[in-house]
Amino acid sequence: QGQLVESGGGLVQAGGSLRLSCVASGRTFSGYAMGWFRQAPGKEREFVSAISRSGAYTHYADSLKGRFTISRDNAKNTVYLQMNSLLPEDTAVYYCGAVSVIRASYVPRYSGEYVYWGQGTQVTVSS
C-alpha cells in the first residue's frame with residue numbers, strides 16, 4: 001500500500017469540530033480496510049473507528065459514537081474522520097492505519113491487525 005499521510009489536526013476549542021484526512025499512496029486502496037487510532041500522552045494507542053474496503057461497514061469506539069464519523073473516498077485514496085463536539089479528553093495524536101483484507105465486510109478493530117501506519121496528526125482541544 002505504501003505511505004499514509006494524515007492531515008487536518010490542530011487546536012480547537014471544546015465543542016468545536018475538525019475533519020482529519022488520511023491519503024494513501026498506491027493503486028489498491030479499495031482493497032484495504034482503514035482505521036483511526038489515537039494516543040494521548042502517557043496512554044496506550046486506542047481504537048477510534050474503522051471502515052471496510054468499500055465503506056459500507058463501519059465501527060466506532062463506544063465512547064465516540066454519535067460524535068465521530070468515518071468515511072472514505074476510494075477514488076481519492078482518502079479516508080476521513082469527522083470529529084464533532086470535541087472534548088478536552090479527545091486531545092491526542094491521531095493515526096490512520098491500513099490493512100489488506102479479503103472479506104469486504106471486515107472492519108479491523110485492533111491496532112495489531114494493521115500493517116501500515118501514518119505519522120500521526122496532533123489534535124488539541126482546549127477547555
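Cation-pi geometry between R53 and Y32 is not met: the NZ or CZ atom fails to fall both under 6.0 Å from the ring centre and inside 45° of the normal. Within the cation-pi definition used here (under 6.0 Å to the ring centroid, within 45° of the axis), R72 qualifies as a partner of F29.
Just one of V99, V101, T78, V79 meets the side-chain contact (heavy atoms from CB on, under 4.5 Å) condition when paired with M34; it is V79.
Going from atom CD of E46 over to atom CZ of R38 covers 4.5 Å, rounded to the nearest 0.5 Å. Rounding to the nearest 0.5 angstrom, the gap separating the CZ atom in F68 from the OH atom in Y60 is 10.5 Å. In this structure, OG1 in T91 is found 7.0 Å from CD in Q122, a value given to the nearest 0.5 Å. Residue S25 holds its OG atom at 9.5 Å from OH of Y116, rounded to the nearest 0.5 Å. Of the inter-residue distances, the one linking N84 atom CG with L64 atom CG reads 12.0 Å to the nearest 0.5 angstrom.
Across C22 and L4, no two heavy atoms sit closer than the pair SG-CB, 4.0 Å. When every heavy atom of A50 is checked against every heavy atom of P108, the shortest pair comes out as CB-O, 3.2 Å. The minimum heavy-atom distance linking S85 with D90 is given by the pair O-OD2, 4.5 Å.
The shortest distance between side-chain heavy atoms of D73 and Y80 falls below 4.5 Å. In this structure the side chain of E6 never reaches within 4.5 angstrom of the side chain of S21, judged on heavy atoms. At a threshold of 4.5 Å between non-hydrogen side-chain atoms, the residues V93 and R45 do not count as touching.
Judged purely by atom type and a 3.5 angstrom limit, N77 uses its side chain to pair as donor or acceptor with the backbone of A24. Side-chain atoms of T124 do not come within 3.5 Å of backbone N or O of L11 as any donor-acceptor pair.
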Working for side chain to side chain contact (heavy atoms under 4.5 Å, CB included), residues V48 and I70:
CA-CA 9 Å; V48 174; I70 192 170; over 6 Å; no

Side chain to side chain contact (heavy atoms under 4.5 Å, CB included) assessment of V12 paired with M83:
CA-CA 11 Å; V12 64; M83 305 186 296; over 6 Å; no

For S49 and L81, run side chain to side chain contact (heavy atoms under 4.5 Å, CB included): C-alpha distance rounded to whole Å, both residues' side-chain angles, the deciding distance at 0.1 Å, then the answer.
CA-CA 8 Å; S49 182; L81 185 68; 4.3 Å; yes

Kindly indicate, with the supporting measurements, whether the criterion side chain to side chain contact (heavy atoms under 4.5 Å, CB included) is fulfilled by L86 and Q13.
CA-CA 8 Å; L86 283 162; Q13 288 188 332; over 6 Å; no

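Aromatic ring pairs are classed by plane angle as parallel below 30°, tilted from 30° to 60° and perpendicular above 60°; the pair Y114 and F37 is perpendicular.
Annotation: side chain to side chain contact (heavy atoms under 4.5 Å, CB included) contacts of Y57 (sequence neighbours excluded): S52, S105, V107. Residues forming a side chain to side chain contact (heavy atoms under 4.5 Å, CB included) with V5 (at least two apart in sequence, or on another chain): Q3, Q119.
Under a hydrophobic clustering in which Ile, Leu, Val, Met, Phe, Trp and Tyr are joined whenever their side-chain heavy atoms come within less than 4.5 Å, directly or via other members, V23 and I51 fall into different clusters.
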